[in-house]
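The structure appears below as C-alpha cells.
Just so you know, these numbers come straight off a predicted model, no measurement behind them. Letters go in sequence order (proteins before strands), and every chain restarts at 1.
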There are 2 protein chains.
Amino acid sequence: MTERRDLAAMLQPLVKSLIAAELRVLEEHGISMWSYVVLSALDDSPIRTQAALAEAIGADKTRIISTLDRLQEAGLISRQPDPEDRRARLLAITQDGRSARRAAQADIQANEDRVLAALSAADRQAFLRAAQALSAIPHEEIVG
Amino acid sequence: MTERRDLAAMLQPLVKSLIAAELRVLEEHGISMWSYVVLSALDDSPIRTQAALAEAIGADKTRIISTLDRLQEAGLISRQPDPEDRRARLLAITQDGRSARRAAQADIQANEDRVLAALSAADRQAFLRAAQALSAIPHEEIVG
DNA sequence: TATTGTTATACTCTATAACTATA
DNA sequence: TATAGTTATAGAGTATAACAATA
C-alpha cells in the first residue's frame, strides 16, 4: 500500500462537516440530532424499551430521557407503560414522527449527494459500498 | 442513487472506533492524541508560531499549551523565543519527536490496513481515493 | 434481589474572557 | 493599540451514582 494519510485523520474532519451540515438541516426541521437519531432508530426497527433504544443508538440511558420527553410532547413518539411489565415504557414512532424523520432524511441525503458528486460515479459507488461494509465491522474488531 | 443509510451515520461510528484503536496504540507509545496531532503537523510541514499551529490543526490556541509543555519537556519538540519577535515562540519537531511520530503512525496505519483488508483491493483503493478527495473539500462547502 | 426508568451529581472537554509581555 | 502566549473561569456534554417503582 502506497503512503497515505491516517484514515481517521482524513475521515474525522469530513464527518465533522457532515454533522454540521446535518445539524443545519435538522434545525430547519425543528428537531435535534438526538431526536433524529431516536426517530431513525424507531422508524427502522421496532424497539420496545428505553434501555434497548439507548443500547441500539450507542447512548447512555440517562442521556435520552429529555429527548424522549420532548419527542413525546411533540407527538412524534408514543411512550406507554407496558401492561405486562409496568416498569417498562413501550416506545413507538407515530405517523407524524415518521413523516418528520423522512422529510429530514431526504434533505440530509440530498446535501450528502451534492457532496458525493465530487467523486466519479464509480468511486462514489465504491465509497458507499466500502462505508457500508466498514461500518458493519464491530467496534471491538477495529480496536483489536 | 439507490436507497442508503445516512453517510454521517455510517462513518461516525467507524471514525469513533478508529480513534479508539488509535488511542490504544498511542498509549503504548506514551503520547496523547493531541501530542500526536501536533507532532504530525510539525513533521509534515514547518509551522512557526503556536497560533499558526492551532489554526492548522483546528484547535483553540489555549488548548494546545499544556500539550506543547509536555512535548517540550519530553524533548519531542523545541520551543524557542523568536529573536525577531520575542512575543512568539518558534516551534520545531526534534529528531526524537520525528521518530516517535513515525513509530506511532506505522502502528496506527498497520491496524487501519488490517481493517481495510475487509474490502476488495479495488474497493480499498477507491475508498482511500474518495476519502482523500472528500477530506479536501472545505468545511463551508459541505455545510453549504 | 434485580431491573426500568428517573433524578442528581461529578467529571471532562471545550470555549470565553482576562492577563503579561512584547511590538 | 494590537498581537503572541498564558492563565483562569465558565459552559456544554457526558458519565457515574443514587433513587423510586415494580418485578
Query raised in the report: Closer to the 5' end of DNA chain C via nearest nucleotide, is it A/Asp69 or A/Arg87?
Result: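 Closer to the 5' end of DNA chain C: A/Arg87.
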For [X] and [N], give me the distance from atom [atom1] to atom [atom2], rounded to whole Å.
X       : N      : atom1 : atom2 : value
A/Leu53 : C/dT4  : CG    : P     : 14 Å
A/Ile65 : D/dG13 : CD1   : C1'   : 16 Å
A/Met33 : D/dG13 : CE    : C1'   : 14 Å
B/Leu23 : C/dT12 : CG    : P     : 15 Å
A/Arg89 : D/dT22 : CZ    : C1'   : 10 Å
A/Lys16 : C/dC13 : NZ    : C1'   : 13 Å
A/Leu68 : C/dT7  : CG    : C1'   : 15 Å
A/Ile64 : C/dT4  : CD1   : C1'   : 12 Å

**Report entry** Closest nucleotide among C/dA23, D/dG5, D/dA23 to the B/Arg86 side chain
**Finding:**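 The closest nucleotide is C/dA23.
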Report summary line: From the candidates D/dT22, C/dA23, C/dG5, the one with an atom nearest any side-chain atom of B/Asp85 is C/dA23
Ignoring backbone atoms, establish whether [X] has a side-chain N or O less than 4.0 Å from OP1 or OP2 of [N].
X       : N      : answer
A/Trp34 : D/dT14 : yes
B/Arg63 : C/dC13 : no
A/Arg79 : C/dT4  : no

**Report entry** Cluster overlap B/Ile77 with B/Ile65, hydrophobic side-chain contacts below 4.5 Å
**Finding:**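 Hydrophobic grouping puts B/Ile77 apart from B/Ile65.
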Query raised in the report: Any luck finding a side-chain donor-acceptor pair between B/Ser135 and A/Arg5 under 3.5 Å?
Result: yes
Query raised in the report: If we ignore angles and hydrogens, is there a donor and acceptor under 3.5 Å between the side chains of A/Thr94 and A/Asp96?
Result: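 No - no donor-acceptor pair under 3.5 Å links their side chains.
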Query raised in the report: Base, sugar-phosphate, or nothing: which does A/Asp60 touch, judged by heavy atoms less than 4.0 Å apart?
Result: base
Requested in this report: Give A/Thr49 one of three labels, base, sugar-phosphate or nothing, depending on what nucleic acid heavy atoms sit under 4.0 Å from its own.
Outcome: sugar-phosphate
Query raised in the report: Quick one: which of A/Arg89, A/Glu55, A/Arg79 gives a side chain to side chain donor-acceptor pair (under 3.5 Å) with A/Gln50?
Result: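 Of the listed residues A/Arg89, A/Glu55, A/Arg79, the side chain to side chain donor-acceptor pair (under 3.5 Å) partner of A/Gln50 is A/Arg79.
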Query - Over all atoms of both residues, closest heavy-atom pair of A/Arg4 and B/Glu112 - result: NH1-OE1, 2.8 Å
Query - Earlier contact from the 5' end, DNA chain D, for A/Ala59 and A/Asp82 - result: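 It is A/Ala59, whose closest nucleotide lies nearer the 5' terminus.
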